[in-house]
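Below is one structure; the comments refer to it alone.
Residue numbering restarts at 1 for every chain, and letters A, B, ... go by the order of the sequence lines.
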Protein chains: 2
Amino acid sequence: MSEHLSRVGTNGNRKPSATIYDIARELDLSPSTVSRALNKPGRVAAKTEQRIRDAAAKLGYRGNPMARSLPTGRTRMLGLVVSDVTNPVFFRLVRGAEQACGELGYTLVLAESQESGEVEYGTLDRLLPAVDGVVLAAARLEDDQIRQIAASKDVVLINRRVGELPAIVPDIDGGVAQAIDHLATLGHTSIAYLAGPATSWMSRERGERLFEHAVARGLTFVEIGPTSPDLGGGQSALRRVQASGVTAVLAYNDLMAIGLLRACRAEGIDVPGDLNIMGFDDIFGADLTTPALTTVRSPLDRAGDAAVRSLVATFDGSEPAAPDPLPTEIVVRESTAAPH
Amino acid sequence: MSEHLSRVGTNGNRKPSATIYDIARELDLSPSTVSRALNKPGRVAAKTEQRIRDAAAKLGYRGNPMARSLPTGRTRMLGLVVSDVTNPVFFRLVRGAEQACGELGYTLVLAESQESGEVEYGTLDRLLPAVDGVVLAAARLEDDQIRQIAASKDVVLINRRVGELPAIVPDIDGGVAQAIDHLATLGHTSIAYLAGPATSWMSRERGERLFEHAVARGLTFVEIGPTSPDLGGGQSALRRVQASGVTAVLAYNDLMAIGLLRACRAEGIDVPGDLNIMGFDDIFGADLTTPALTTVRSPLDRAGDAAVRSLVATFDGSEPAAPDPLPTEIVVRESTAAPH
DNA sequence: TCACTCGTGGCAATCGGTTGCGATGTGGAA
DNA sequence: TTCCACATCGCAACCGATTGCCACGAGTGA
């Protein structure tokens, strides 16, 4: 066919996969008929369609997604951007998204922003042209940057709100209320919030809600941080926590809570005897620590699933069905108890 | 331009992004010149190239990966298939792969096979046409299926060997030797291996190596399983372990080891007093358990990185540089000790 | 028997880039 | 001044699939 355009791919010696042209030639039909037979049900005679399907199967036809996406403008690929792939918080989220993609016939492209808004923006720059839409989980971007992205592609946010953009956010307030109630009931009167990164919407939000509920219950409340939302961040915050004189700490996430727990053990501070520690999310491992971590669970797998479905629904024109609320709930384990 | 082909995408009201044709028109040049200026360094006059770059920046040109991949046959996308995204083993692997992809200008497509060879094969069917190559991590496929895939795309295996196909496999033997040595030195004389899925090459391999080293040291050795490679698998194996009468168990992976640990705690069995437990991989959380888990660490992040680089090297024609060996090493914590 | 409708399938343009080859123009050497 | 070489850029085919419009033929009603 091509005389002067030699395939440059490094695909080497592999045989190129069959195209609709191959099928058409085999059956002495036109490529357009083949195309229609394969994805416009009823458009061609049933008998012809069957012949085409048989030939396709025989030739091992697989379709070329790139070629298809050129005229249609749709790639059937979705981007998922998380701030840190090694953070267990995201595992369930990724799985939820991945499974939903699979069911809906989409392909998931994963990207990591390494807790940096800049990296995230650069990554998105590369990602955007290739996908039909993006799920931004725990984005470290400025509101404006997110709006800008939303201007060129459909976007669904997880754990963040920016204006009216579609967002999947679990019911923060419910879990926070339960947490404060739990601590107040145990008899604590002064609590601290160990904040995550300043760029994290969710960290600010949890802090706000905690603050409100704490003062509503007449508790003393202080905020410590911001710090990095990982083990190290929790670990390094111990001295500030001690200095604050509180009897209970809520960390922005479980990773930080576990880090703090470790620091306590290293310093010989008894948890929950001397200090109560709570986290958020109920990640894998939260029940493995000693003492096991009391935490506020959020259904991230369902969030991932919901985000993808909402995105795909937008593509199909239908306004996404109002996603059912994602309740958060406290999981009481061993790191909380009544203060002396 | 198009009179009778109305864009079907649901991209709605968004403005289409600029193309090389827009740039060409703006500068009164030909699209081919624009194309060359943008990716054939030196092929067009420096002054022209600069004008083109300026115009591209001004118009916010982003290139269309689909359009580019059509003539070249290369998508600059890599597939990564893992058996279970929520298994912490893979987190570091995914990160390693993701970062390497980023550096090399590739996009990572993540897929999960849910521990099922069938699902994996189906997933790959959808994935293959879209990527330049695939990294198969802990594949649950038959050797033949893998060979078949390798016939159409470049493949790199992680934690598995199939014939001469490129594979990144950590030095299993070294870690196993250390593990057996550790237990033997402590005074254990009978040990068990708790196997993972029968379809897991790595599980069989670890079992084999353990067997060899155990008999070489004159230890009694039994194998239990196969079971699912997760918490549940470990948990449900406790009775078989007890029945075997061994004083030390090595589980196929940390998840199973932790599951077994939990079952022990529930049954009031003291670890390491009554039973020693070891795992493999040193996943996140292995040091959080009580007692903290002794395990054989394997550098999965480096494996992910190496796999991607090796894949990309093949594309560029150059035979992949022999990857440096990935040593495994025992991490002694609290779940092993001398038997009574 | 004639005309009209409807079911089928083909034609050809198009998506956005890439690239072999040829056309053009400039500069330098003879 | 003439000729030639080389640097630059344009032409046009092509990657594989989609789709609006049209042509053809068979079946139906008048």
Side-chain angles (χ1 to χ4, degrees), chain A residues 1-11 16-52 56 59-76 129-130 132, chain B residues 1-11 16-52 56 59-76 129-130 132:
Chain A
M1 287 200 177
S2 161
E3 292 305 320
H4 70 279
L5 182 66
S6 71
R7 208 54 177 239
V8 291
T10 59
N11 208 13
S17 54
T19 73
I20 57 170
Y21 291 87
D22 298 327
I23 302 181
R25 197 168 337 107
E26 176 97 359
L27 264 38
D28 202 37
L29 286 170
S30 117
S32 32
T33 306
V34 176
S35 171
R36 277 189 279 254
L38 261 23
N39 31 38
K40 302 272 185 230
R43 181 59 178 75
V44 307
K47 215 175 60 181
T48 314
E49 180 174 333
Q50 194 51 52
R51 285 174 59 216
I52 291 180
L59 296 179
Y61 173 74
R62 260 179 176 67
N64 181 329
M66 309 302 141
R68 189 197 317 267
S69 77
L70 200 39
T72 62
R74 302 184 48 175
T75 62
R76 293 193 80 80
D132 290 343
Chain B
M1 287 206 176
S2 161
E3 291 305 319
H4 70 278
L5 181 65
S6 73
R7 211 53 178 241
V8 290
T10 58
N11 208 15
S17 55
T19 72
I20 58 170
Y21 291 85
D22 297 327
I23 302 181
R25 198 170 333 110
E26 177 97 357
L27 264 38
D28 203 37
L29 285 171
S30 115
S32 31
T33 305
V34 176
S35 170
R36 279 189 277 252
L38 261 23
N39 33 48
K40 303 276 178 210
R43 183 63 177 72
V44 306
K47 213 175 59 181
T48 315
E49 179 175 332
Q50 195 50 52
R51 286 175 58 216
I52 292 180
L59 297 179
Y61 173 73
R62 260 181 175 66
N64 181 328
M66 309 302 140
R68 189 199 314 270
S69 76
L70 199 40
T72 62
R74 303 185 46 175
T75 62
R76 293 193 79 82
D132 291 343

Contact under 4.0 Å: N64(A) side-chain N or O vs dC15(D) OP1/OP2: no
Short side-chain to backbone donor-acceptor contact, N39(A) and R36(A), under 3.5 Å: no
Using a cutoff of under 3.5 Å, can you pull out all pairs of nitrogen or oxygen atoms linking the protein to nucleotides 8-10 of chain C, with atom names and distances?
unit_1  : atom_1 : unit_2 : atom_2 : d
dG9(C)  : OP1    : T48(A) : OG1    : 2.6
dG9(C)  : OP2    : A45(A) : N      : 2.9
dG9(C)  : N7     : R43(A) : NH1    : 3.2
dG9(C)  : O6     : R43(A) : NH2    : 2.7
dG10(C) : OP1    : S30(A) : N      : 3.4
dG10(C) : OP2    : S30(A) : N      : 3.0
dG10(C) : OP2    : T33(A) : OG1    : 2.2
dG10(C) : N7     : R36(A) : NH2    : 3.0
dG10(C) : O6     : R36(A) : NH1    : 3.4
dG10(C) : O6     : R36(A) : NH2    : 2.8

Does S35(B) put a side-chain nitrogen or oxygen below 4.0 Å from OP1 or OP2 of dT18(C)? yes
I'd like to know if the side chain of T75(B) and the backbone of S69(B) have a donor-acceptor N/O pair within less than 3.5 Å. no
To the nearest angstrom, the CG-P distance between L70(A) and dT18(C) comes to 12 Å
Shortest non-hydrogen contact between I20(A) and P31(A), atoms and distance: CD1-O, 3.8 Å
I52(B) versus T33(B), closest heavy-atom pair with distance: CD1-O, 4.0 Å
Could you report the tightest heavy-atom contact between L59(B) and A18(B), atom names first, then the distance? O-CB, 3.8 Å
How long is the line joining CZ of R25(B) and C1' of dG10(D), in whole Å? 17 Å
dA17(D) C1' sits how many Å from D22(A) CG, rounded? 13 Å
Taking T72(B) for its side chain and R68(B) for its backbone only, find out whether a donor-acceptor pair lies under 3.5 Å. yes
Without swapping roles, check the side chain of D132(A) against the backbone of R74(A) for a donor-acceptor pair under 3.5 Å. no
Hey, does the side chain of Y21(A) come within less than 4.0 Å of dT18(D)'s phosphate (OP1/OP2), counting only N and O? no
Figure out the CZ/C1' separation between R74(B) and dG17(C), and round it to whole Å. 15 Å
Closer than 4.0 Å, any side-chain N/O of R68(B) to the OP1 or OP2 of dG16(C)? no
Please report the distance, rounded to the nearest Å, between CE in M66(B) and P in dA17(D). 15 Å
I need the CD1-P distance between I20(B) and dT19(C), as an integer number of Å. 11 Å
Does dT19(D) have OP1 or OP2 under 4.0 Å away from a side-chain N or O of K40(A)? yes
